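One structure below.
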Number of protein chains: 2
Amino acid sequence: MATAGARKRRRTGARKKVRAARATTARTPLRAGTTSRDVAQLAGVSRSAVSRTFTPDASVSEATRRKVLAAAAELGYQPNVLARSLITDRSRLIGLVMGEWQNPFYATMLRLLSEKLQRREYQLMLLTATPEDDVAGAVRRLLQYRAEAILMVSCTPDPALAQSCVRDGTRLVVVNRDTGAMPVTNVSTDNARIGRDVAQLLLQAGYRRIGVVRGDPNVSVAKARTEAFKATVAASRRARLVLDQTGVVGYAAGREMIRAVLRDGGPRPDAIFCASDLTAIGALDGARLDLGLDVPGQLGIVGLGDAPVASWAPYDLTTVQLPIEPLIDAAVEALLAPATADARRAIVVDSGIVQRSTVRGPRR
Amino acid sequence: MATAGARKRRRTGARKKVRAARATTARTPLRAGTTSRDVAQLAGVSRSAVSRTFTPDASVSEATRRKVLAAAAELGYQPNVLARSLITDRSRLIGLVMGEWQNPFYATMLRLLSEKLQRREYQLMLLTATPEDDVAGAVRRLLQYRAEAILMVSCTPDPALAQSCVRDGTRLVVVNRDTGAMPVTNVSTDNARIGRDVAQLLLQAGYRRIGVVRGDPNVSVAKARTEAFKATVAASRRARLVLDQTGVVGYAAGREMIRAVLRDGGPRPDAIFCASDLTAIGALDGARLDLGLDVPGQLGIVGLGDAPVASWAPYDLTTVQLPIEPLIDAAVEALLAPATADARRAIVVDSGIVQRSTVRGPRR
DNA sequence: GCGGCGCGTGCAAACGTGTGCCAGAATCCG
DNA sequence: CGGATTCTGGCACACGTTTGCACGCGCCGC
């Protein structure tokens, strides 16, 4: 506050009293803000020249460019991107809204995303959607910062929100959620195919009493995957679905779930498909250590995500590989693409099954 | 480009021809930027009134405030924070520079950090220091965005960089690195104490041939921890240090390391302290599964970090707990603290050992 | 040698906001 | 009812940039 006041007076005074007086005080950087004016003065050129030096392919002679660069270096000048954005109407900010943090693949995702954006001279603003500050709140903040595009992970905008984004010219990209008719780009895996493939894998391995376990029952892509999985199981004459459980996510929940299920009176599954590697590993530990089962002999387990932990020695989990890098590449392209008339678009990236040792080999 | 041009013409024209003409076109939001001028006009007040409505405890009558809010809602107005920052000189942006992403605790850290900052109306800008865009580059970007403070995780500024930050009035907070005489705030655990405590734990359990394994040999806090650990071992008459290895980080590296060490001709350690839970778990799997050793009987293992995986059933790793939340709380306080004359400060958060089952009980 | 042409540079007007200052309105009190 | 006091809203300037426009200068070709 105090500094700001002092500075204002300094500036104003200098302006009114022409600019002679300024020369005496200019070189003392009382406060941060060495501005283009300061370096212009030191270099003996106009502010335009400074600006043009820092604008790629602007018309500036080699001589002045050098003078300006020297002065800038001496003063430690950094162009104020906020002011620049104000006039160019491009903030070079990309917003990321995270709905959930459980999944181990988010670390890799974040790293890749920030690296790739940085390489293209964009910055990443990270927001978490919490109960008290929900998706709409996070988006509102991002709009206030004039983010050029927003990536949503593990959460969905409601249609009104999506609408207000496009009205502001802010592109919206959603990872692995069903976005229906909303004017957003959708980057996801082929969930129906994943469901089918996993089901087929289990059926061919000779499992007969199949189960499926996932988290939030309202997530549409999980629903799509599960439906395809169940349909494939149902289409087989020999096998049937004996378990369809929602609301279990994470190691502890997975471990608890398998114990409850197998102690239950109902039909015991001999294979389960978990919607997350962590859940699958929890189930695996529960089955082996708590119940003494043979995996994959008595129980087959398939996870989802191919987290690093899935390949560790005691687990060696058969799982669905999520191609993080292609997914991020697609997302970045969509985020940075010039706004088109119709923003609605869907990008599907490939994924495959990593066969390890929690599912037995195919029955001959 | 095209839109920007059109808009400029629109604005300029409207101004020159007084403002009557504007009324006819104003309500069609051709492009984003509904500005305070637009809502002022719709509400029939001046721009100042709009500004004051959105400024906490500014002098505005209830009547106009309501008019303004109604107009703002109708137009979907969001104050432009970039312009606001320009004049208030406060961007409400906090930069985070990540040097490395391996550690599983970073996910929790990021979540907590973003949540806590959001709750205080700050935003988080996430940068990764890569070989091509190093710490200095990341900081430069953040300065260009006028970030109010910067948090560095798994990386260190060089003194010149730190200097240039304080000159710009940007606070610098570094997590768990030795920052010497630099004008930065340092948030860390008591590493010497950790080293001592772990050594004592192992000695009291009766282990006699002790080893220590860590990653980057240049990280000073790891050095401090290791030194204290080694000194404590050396002070004991009965035990001695038989292994001091650097450059091993992660599951695979830990597993490989233990195999190499125990097949080596040299003296075989009967207990090791790993500078990361992941390394420790790799070593644990290597010892049990590859070499058939009894842990903790033949080999004691201590990790660092208390990652979720450390508590999983097959591991149940004895490890040093890193108090993430207190650490983040301290960091947030330091980041948001008003700039003081001398920014140099050190905050130490407590940590303790979580005793599980990879170290045997104390010898009686 | 002169008109034109192109390049480099400075001037000034924006971008969307906050806020000190002043004038007018409203309120209160005697 | 009048004067003093508080409140409220508008004007205009400032923040640090970019960029259209115009002008000056050196060079080329006829």
Side-chain angles (χ1 to χ4, degrees), chain A residues 1 3-5 7-16 31-41 43-68 77-92 144-146, chain B residues 1 3-5 7-16 31-41 43-65 67-68 72 77-92 144-146:
Chain A
M1 276 311 213
T3 38
R7 176 201 209 174
K8 182 168 293 181
R9 256 176 278 116
R10 174 170 67 111
R11 282 285 148 74
T12 318
R15 263 226 184 154
K16 289 245 167 93
R31 202 206 150 275
T34 53
T35 79
S36 70
R37 188 198 310 276
D38 299 322
V39 10
Q41 183 167 32
V45 296
S46 75
R47 275 166 38 231
S48 319
V50 178
S51 169
R52 288 193 247 262
T53 316
F54 287 95
T55 311
D57 50 56
S59 165
V60 147
S61 77
E62 194 51 35
T64 47
R65 138 165 277 131
R66 252 201 291 273
K67 278 194 292 186
V68 169
Y77 169 69
Q78 299 286 2
N80 186 330
V81 185
L82 272 44
R84 185 209 304 261
S85 304
L86 193 55
I87 194 162
T88 59
D89 209 35
R90 315 205 62 215
S91 64
R92 301 196 80 85
Q144 292 185 343
Y145 276 87
R146 299 300 186 258
Chain B
M1 277 311 211
T3 38
R7 174 201 210 175
K8 182 167 295 180
R9 258 176 276 118
R10 175 169 69 111
R11 284 285 147 73
T12 317
R15 262 226 182 154
K16 289 243 166 95
R31 201 205 154 278
T34 53
T35 79
S36 69
R37 187 201 310 277
D38 299 323
V39 9
Q41 183 167 30
V45 295
S46 78
R47 275 169 36 233
S48 318
V50 178
S51 170
R52 287 194 244 264
T53 324
F54 287 95
T55 310
D57 50 57
S59 165
V60 149
S61 77
E62 194 51 35
T64 47
R65 136 164 278 131
K67 278 194 293 185
V68 168
Y77 169 69
Q78 300 286 0
N80 186 330
V81 185
L82 272 44
R84 186 207 305 259
S85 304
L86 194 55
I87 193 160
T88 59
D89 208 39
R90 317 205 59 216
S91 64
R92 303 196 80 84
Q144 292 184 344
Y145 276 87
R146 298 301 186 258

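If you're wondering where the values come from, they're calculated on a predicted model, not measured in any experiment. So you know, we letter chains A, B, ... as the sequences are listed, proteins then strands, and number each from 1.
Taking atom CD of residue A:Gln78 and atom P of nucleotide D:dT17, one finds them 11 Å apart after rounding to whole Å. Straight-line distance from the CZ atom of B:Arg47 to the P atom of C:dT17: 8 Å, rounded to whole Å. As a whole-Å value, the separation of B:Gln41 CD from C:dT17 P is 14 Å. Distance B:Asp89 CG to C:dT17 P: 18 Å, rounded to the nearest Å. At whole-Å resolution of the value, CZ in B:Arg84 and P in D:dG16 are 18 Å apart. The nearest whole Å value for the distance from the CD1 atom in B:Ile87 to the P atom in D:dG16 is 10 Å. The distance between atom CG of B:Asn80 and atom P of C:dC15, rounded to the nearest whole Å, is 12 Å. What separates CG of B:Leu82 from P of C:dG18 is a distance of 12 Å, to the nearest Å.
A donor N or O paired with an acceptor N or O is found under 3.5 Å between the base of C:dC11 and the side-chain atoms of A:Ser48.
Taking only side-chain nitrogens and oxygens, A:Thr35 never comes nearer than 4.0 Å to OP1 or OP2 of D:dG16. For the OP1/OP2 pair of D:dT17 and a distance below 4.0 Å, the side-chain nitrogens and oxygens of A:Ser36 include at least one atom meeting the criterion. When the side-chain nitrogen and oxygen atoms of A:Tyr77 are compared with OP1 and OP2 of D:dT17, one or more of them lie within a distance under 4.0 Å.
In plain terms, the two heavy atoms of A:Ala40 and A:Arg47 that are nearest each other are CB-N, 3.8 Å. Contact detail for A:Gly33 and A:Asp38: the closest heavy-atom pair is O-OD2, 3.6 Å. Residues B:Val50 and B:Val45 approach most closely at CG2-CG2, 4.3 Å, considering heavy atoms.
Residue A:Val50 is classed as having no contact, given no heavy-atom separation below 4.0 Å to the nucleic acid. Within the nucleic acid shown, A:Val81 has no heavy atom closer than 4.0 Å to any nucleic acid atom.
Listed by chain and residue number, A:Tyr122, A:Glu148 satisfy the side-chain hydrogen bond (donor to acceptor under 3.5 Å, both in side chains) test with A:Arg90 (two or more places apart in sequence, or in another chain).
Between B:Val68 and B:Arg65 there is no side-chain heavy-atom pair separated by less than 4.5 Å. The shortest distance between side-chain heavy atoms of B:Pro79 and A:Gln144 falls below 4.5 Å. Between B:Asn80 and A:Arg146 the shortest side-chain heavy-atom distance falls below 4.5 Å. Looking only at side-chain heavy atoms (C-beta outward), B:Thr64 and B:Thr53 stay at 4.5 Å or farther from each other.
In the helix from C:dG1-D:dC30 to C:dG30-D:dC1, the end axes, each obtained as the rotation axis mapping the C1' atoms of four pairs onto the next four within a five-pair block, lie 30° apart to the nearest 10 degrees.
Checking D:dG10, D:dT19, C:dT17 against every side-chain atom of A:Thr88, the shortest atom distance belongs to D:dT19.
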CA sep, side-chain torsions, deciding dist, call: A:Ser51, A:Ser48, side chain to side chain donor-acceptor pair (under 3.5 Å)
CA-CA 5 Å; A:Ser51 169; A:Ser48 319; over 6 Å; no
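Separating the OG atom in A:Ser91 from the OH atom in A:Tyr145 is a distance of 11.5 Å, to the nearest 0.5 Å.
Nearer the 5' end of DNA chain D, as judged by each residue's closest nucleotide, is the contact made by B:Gly44, out of B:Leu86 and B:Gly44.
Using a 4.0 Å cutoff on non-hydrogen atoms, the parts of residues 51-65 of chain B near DNA chain C are B:Ser51, B:Arg52, ordered by number.
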